[in-house]
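Please read the structure below before turning to the comments.
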Amino acid sequence: MTDVLGTGWAFPPRVDARGRIAFARQERDVEEAIRIILLTPKGQRPRRPEFGCQIHELIFAPNDSTTAGLAEYYVKEALAMWEPRITVHTVRAEPDPGEPGRLLIDIQYEIKATHDRRSLVFPFYRIPGE
């Protein structure tokens with residue numbers, strides 16, 4: 001049943017031990033797809049300008065609850081649009097206590113084909129105000 005999850009190029013692109021393009025398979029491919037979606041600002045891809053996540057609009061925003069709420073919303077919206085292999089259960093963004101310029105975004109999701117619940121913490125780096 002997990003063959004429906006597919007295989008794709010590893011992210012970031014690299015070569016494997018045999019000198020060929022490295023691939024990500026199954027659950028790893030899903031996780032890497034999530035990272036690609038979140039790391040891509042909307043409008044960056046000329047032929048698919050809607051692809052990506054609006055979270056990058058928050059790069060100069062203060063590290064407060066409003067920014068965290070917007071980050072949660074943008075992540076949920078992007079994953080619902082661009083990753084049909086998962087169901088997102090919760091997204092929680094909080095300032096990183098050890099790094100004032102970073103939000104830690106905890107994504108709890110389930111892979112639809114296997115009902116496997118997973119978690120991914122995505123660090124979003126802001127540029128702190130002067």
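Along the sequence shown, residues carry numbers from 1.
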With side chain to side chain contact (heavy atoms under 4.5 Å, CB included) as the test, would you mind laying out the steps for Trp82 and Glu50 before giving the verdict?
-> CA-CA 10 Å; Trp82 298 109; Glu50 310 85 26; 4.1 Å; yes

If every non-hydrogen atom of Pro62 is compared with every non-hydrogen atom of Thr67, which pair is closest and at what distance?
-> O-OG1, 2.5 Å

Using a strict 4.0 Å threshold on nitrogen-to-oxygen distance, state whether Arg35 and Glu31 make a salt bridge.
-> yes

Examine Ile59 and Tyr125 and state if one hydrophobic cluster contains both, with Ile, Leu, Val, Met, Phe, Trp and Tyr joined whenever side-chain heavy atoms are less than 4.5 Å apart.
-> no

At what distance, to the nearest 0.5 angstrom, does CZ of Phe122 lie from CD1 of Ile37?
-> 11.0 Å

Out of curiosity, does Leu104 fall in the hydrophobic cluster containing Tyr109 (side-chain heavy atoms, cut-off under 4.5 Å, transitive links)?
-> no

Straight-line distance of Leu79 CG to Ile86 CD1, nearest 0.5 Å = 5.0 Å

In Å, rounded to the nearest 0.5 Å, how long is the span from OG1 of Thr40 to CZ of Arg48?
-> 11.5 Å

Working to the nearest 0.5 Å, report the span between CD1 of Ile105 and CZ of Arg92.
-> 12.5 Å

CZ (Arg117) and OG1 (Thr87) are apart, to the nearest 0.5 Å, by 9.5 Å

Identify the heavy atoms of Pro100 and Arg126 that sit nearest to each other, and give their distance.
-> O-NH1, 3.1 Å

What is the minimum heavy-atom distance between Leu38 and Ile55, and which atoms define it?
-> O-CG2, 4.0 Å

Kindly give the heavy-atom pair with the smallest separation between Ala68 and Ala93, and that separation in Å.
-> CB-O, 3.4 Å

State, to 0.1 Å, how close Asn63 and Arg102 come at their nearest heavy-atom pair, and which atoms those are.
-> ND2-O, 3.6 Å

Measure the spacing between SG of Cys53 and CE of Met81 and express it to the nearest 0.5 Å.
-> 12.5 Å

Is Pro95 close to Leu103 at the side-chain level, that is, under 4.5 Å between some pair of heavy atoms?
-> yes

Give the minimum heavy-atom separation between Glu83 and Val30, together with the two atoms involved.
-> OE1-O, 4.5 Å

How far apart are the C-alpha atoms of Tyr74 and Leu58, what are their side-chain angles, what is the distance that settles it, and do they pass the side chain to side chain contact (heavy atoms under 4.5 Å, CB included) test?
-> CA-CA 10 Å; Tyr74 292 152; Leu58 304 174; 4.0 Å; yes

Does Ile107 offer a backbone N or O that forms a donor-acceptor pair with the side chain of His89 under 3.5 Å?
-> no

